[in-house]
Amino acid sequence: MTELISPRRDLPRGAVLGADDLVEAAGHPVGGGLVEPDYDPRLTNEDLAPLKKQSWGSYNIFAFWMSDVHSVGGYVTAGSLFALGLASWQVLVALLAGITIVYFFCNLVAKPSQVTGVPYPVICRSVFGVLGANIPAIIRGLIAVAWYGIQTFLASAALDVVLIKLFPSLAPYAVVEDYGFAGLSALGWGSFLTLWVVQACVFWRGMESIRRFIDFCGPAVYVVMFLLCGYLISQAGWSAIDLNLGSVTYTGLDAIPVMLGAIALVVSYFSGPMLNFGDFSRYGKSFAAVKKGNLLGLPVNFLVFSLLVVITASLTLPVYGELITDPVETVARIDSTFAIVLGALTFTIATIGINIVANFISPAFDFSNVSPQRISWRAGGMIAAVGSVLITPWNLYNNPDVIHYTLETLGAFIGPLFGILIADYYLVRRQKVIVDDLFTMSERGAYWYRKGYNPAAVIATVVGAAVAVIPVLVKSAPGMHTAAQYSWFIGCGLGLAVYYVLATRTALAVRVGDGSAEPVSVG
């Protein structure tokens, strides 16, 4: 039995120590965490504390991944792989390889949070230190805020299609030059703010409401996808189905680099939710249930969805005379108001689902981790929501250079953060974590390191990110465009290797015994 270390008892102004009455900035505790009396309030609220009850089964995890995959972005991404100039069997091999890698990595990152019952930023305290964990939390949170705004904008654009189809008189208000503010039309503002409020309402009701919402979203898209596919087959016939969305231009050995690029694209697409998957796996009632949900939601679900996408997209050519890779535009061509509304609203709801899953939950926990007593889970989520408006995501989305230098640069940090977490939990700490020490500011705590920061983790992050971002920033240089496709792998591999060496073989090495980790001098 590991000895518990009592933390210092300084409380923020207005806070009262206790398991049942921790002060939160907004709302009621939604995390269902069990706060022990000796947990330091500067690191604790009931959203971040270990869960009292873990009740999610395999279907809930499966539905989580359906919500993550079944969106306009997922549709376009899957369809783009079949237009790379590869034969369809080569695309399917690349898809299977990429999603299997994602499945394996998700299982790795899921276990520490499922076993301990704490979210991603808290498990990062065992790696970066109780204060240093704010580094990966803020990086992931900022990326999520930007994508949250962009996804909300994309969903609102789909809603615009529905509104104009139902009420043609609204069309003039969709013109930015005539009725616009800050780069967005009046109709666009109305749709954007409507979805912004809807998402906030779903989020505000807590994780159980979110679970029910995502349990509905993924299957709903499947229903519409099968109906859309059936409609197009009835119009064009079975013989019109073609799994190649473009001509096959790469054969033999020439196809290998393209297939590797497709594999990297699949992994990169899931890199965000994969990093903070612990925010959801913590709710799993067992690790076996999480793994089963991952198997159904990733390899099985992604391949089925991808086949539906390519079949649907290929049928748009004989039916409409052109290849359409946007599902909202596809349903908008159907000569039925009901079908248009049903299809567009379903994909809008699906995009809301992925937005809440991938880009709302993460910053909610991440920002709450910065100041648990002042920022609750709900308050952290609302900070992200407000930030998503202030960055005017429609301008960000319409400027590829800004996206390139902002999101991809921040994204280069995701790989190292993932690699460092895996190296620490599996290679350095051998899957041992002292849960109570994740919530203590005592210098005797296992994760105090040096003033609350683990220098080895910080250095490994900087090295991995610095190298990974080079090809992203200088794509025009010879060979850099190809290397940029693998920035996640470069950062992940470097982060893992540098951290392992620093944490085991240098003056920054940590002593690992019964799960504790203290700085030691080497040689």
Side-chain angles (χ1 to χ4, degrees), residues 65-103 154 158 218-251 254-270 296-334 339 343-344 346-347 350-351 354 485:
W65 287 117
M66 280 196 288
S67 290
D68 199 43
V69 172
H70 301 176
S71 66
V72 175
Y75 189 106
V76 173
T77 299
S80 68
L81 296 177
F82 286 88
L84 290 174
L86 295 170
S88 56
W89 71 266
Q90 293 171 322
V91 176
L92 290 174
V93 168
L95 279 173
L96 183 60
I99 204 65
T100 300
I101 292 173
V102 173
Y103 165 71
L154 293 177
V221 174
Y222 260 141
V223 172
V224 171
M225 284 287 290
F226 276 109
L227 289 175
L228 179 60
C229 190
Y231 168 79
L232 293 174
I233 290 175
S234 70
Q235 298 295 307
W238 288 93
S239 60
I241 296 175
D242 185 0
L243 295 185
N244 295 312
L245 296 185
S247 59
V248 178
T249 55
Y250 299 98
T251 58
D254 291 338
I256 294 178
V258 184
M259 292 177 68
L260 292 175
I263 293 171
L265 178 63
V266 172
V267 177
S268 297
Y269 179 80
F270 288 99
L296 294 173
L298 289 168
V300 176
N301 171 62
F302 189 62
L303 283 177
V304 172
F305 181 74
S306 297
L307 286 172
L308 270 175
V309 166
V310 68
I311 290 171
T312 303
S314 69
L315 290 172
T316 61
L317 189 58
V319 175
Y320 300 118
E322 61 179 307
L323 181 65
I324 304 174
T325 58
D326 186 333
V328 177
E329 185 179 349
T330 301
V331 297
R333 298 289 188 93
I334 300 175
T346 301
F347 279 107
T351 303
I354 185 180
Q485 299 178 76

Donor-acceptor list for residues 223-242 side chains, cut-off 3.5 Å, not counting sequence neighbours:
from, atom 1, to, atom 2, distance (Å)
Ser234, OG, Tyr231, O, 2.5
Asp242, OD1, Asn244, N, 3.0

Closest heavy-atom pair, Leu317 versus Leu323, reported as atoms and distance to 0.1 Å, is CD1-N, 3.7 Å
If you compare all heavy atoms of Gln485 against all heavy atoms of Gly261, which two are closest, and at what distance to 0.1 Å?
OE1-CA, 3.4 Å
Would you indicate whether the side-chain heavy atoms of Phe302 and Phe270 approach each other to under 4.5 Å?
yes
Side chains of Trp65 and Phe305 in contact at under 4.5 Å (non-hydrogen atoms)
no
Please, which pairs that meet side-chain hydrogen bond (donor to acceptor under 3.5 Å, both in side chains) have at least one residue in residues 298-317, sequence neighbours excluded?
His70-Asn301, Tyr222-Asn301
Tell me the side-chain hydrogen bond (donor to acceptor under 3.5 Å, both in side chains) pairs involving residues 82-91, sequence neighbours left out?
none
Donor-acceptor pairs under 3.5 angstrom involving side-chain atoms of residues 96-103: please list them, not counting sequence neighbours.
from, atom 1, to, atom 2, distance (Å)
Thr100, OG1, Leu96, O, 2.6

Roughly how far, to the nearest 0.5 Å, is the CG atom of Asp254 from the CE atom of Met259?
13.0 Å
Under the side chain to side chain contact (heavy atoms under 4.5 Å, CB included) test, residues paired with Ala264 that sit two or more places apart
Tyr486, Phe489
Residues 75-90 vs salt bridge (Lys or Arg N to Asp or Glu O under 4.0 Å), sequence neighbours excluded, gives none
